[in-house]
Amino acid sequence: MATKSSQKRDRQNEKRRERNRKFRGRARTLEKKALTALTNENLEEARQLTADAVKALDKAAAKGVIHDNNAARRKSRMMKRLSALEKEA
């Protein structure tokens with residue numbers, strides 16, 4: 001039988017898991033939308049969606065949901081693609 005402290009730990013972990021899913025899922029969704037816009041070479045939309053994705057990644061990193069370096073790497077890759085798209089235009 002589980003102890004009271006382990007039951008409490010389970011409840012805490014479940015709350016944290018749900019909270020973390022929101023930040024991680026939001027970041028993933030916005031990153032995917034930004035990459036789609038970059039692939040479709042829609043410059044104005046890509047700029048806006050990239051900014052939104054960067055904000056979501058920063059927020060997830062600040063909350064500790066993803067590692068700071070992971071967020072930085074993903075932002076860097078997006079910005080590199082956006083920069084290449086802007087040079088073409």
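All values below were derived from every heavy atom in this structure, side-chain atoms included, with hydrogens, water molecules and symmetry-related copies excluded.
When all heavy atoms of Ala27 and Ala56 are compared, the pair lying nearest together is CA-CB, 3.9 Å. Of all heavy-atom pairs between Ala71 and Leu57, the closest is CB-O, 3.8 Å.
Note on Ile66 and Met78: same hydrophobic cluster, where clusters join Ile, Leu, Val, Met, Phe, Trp and Tyr whose side-chain heavy atoms are under 4.5 Å apart, directly or indirectly.
Scanning for salt bridge (charged side-chain N to carboxylate O under 4.0 Å, His left out) contacts around Glu14 gives Arg17, with sequence neighbours left out.
For residues 38-61, the set of pairs meeting the salt bridge (charged side-chain N to carboxylate O under 4.0 Å, His left out) definition, not counting sequence neighbours, comprises Glu44-Arg47, Arg47-Glu86, Asp58-Lys75. Residues in residues 29-38 take part in these side chain to side chain donor-acceptor pair (under 3.5 Å) pairs, two or more places apart or across chains: Glu31-Arg74.
Within the 4.5 Å cutoff, side-chain heavy atoms of Arg81 are placed close to those of Thr39. Under the 4.5 Å side-chain criterion, counting only non-hydrogen atoms from C-beta, Arg77 is not in contact with Lys80.
At most 12 non-hydrogen atoms from other residues, nucleotides or ligands lie less than 6.0 angstrom from CZ of Arg26. The neighbour count for Arg73 CZ, taken as heavy atoms of other residues, nucleotides or ligands under 6.0 Å away, is above 12.
Atom CG of Leu85 and atom CG of Leu43 lie 5.0 Å apart (nearest 0.5 Å). With values rounded to the nearest 0.5 angstrom, Leu38 atom CG is found 4.5 Å from Thr50 atom OG1.
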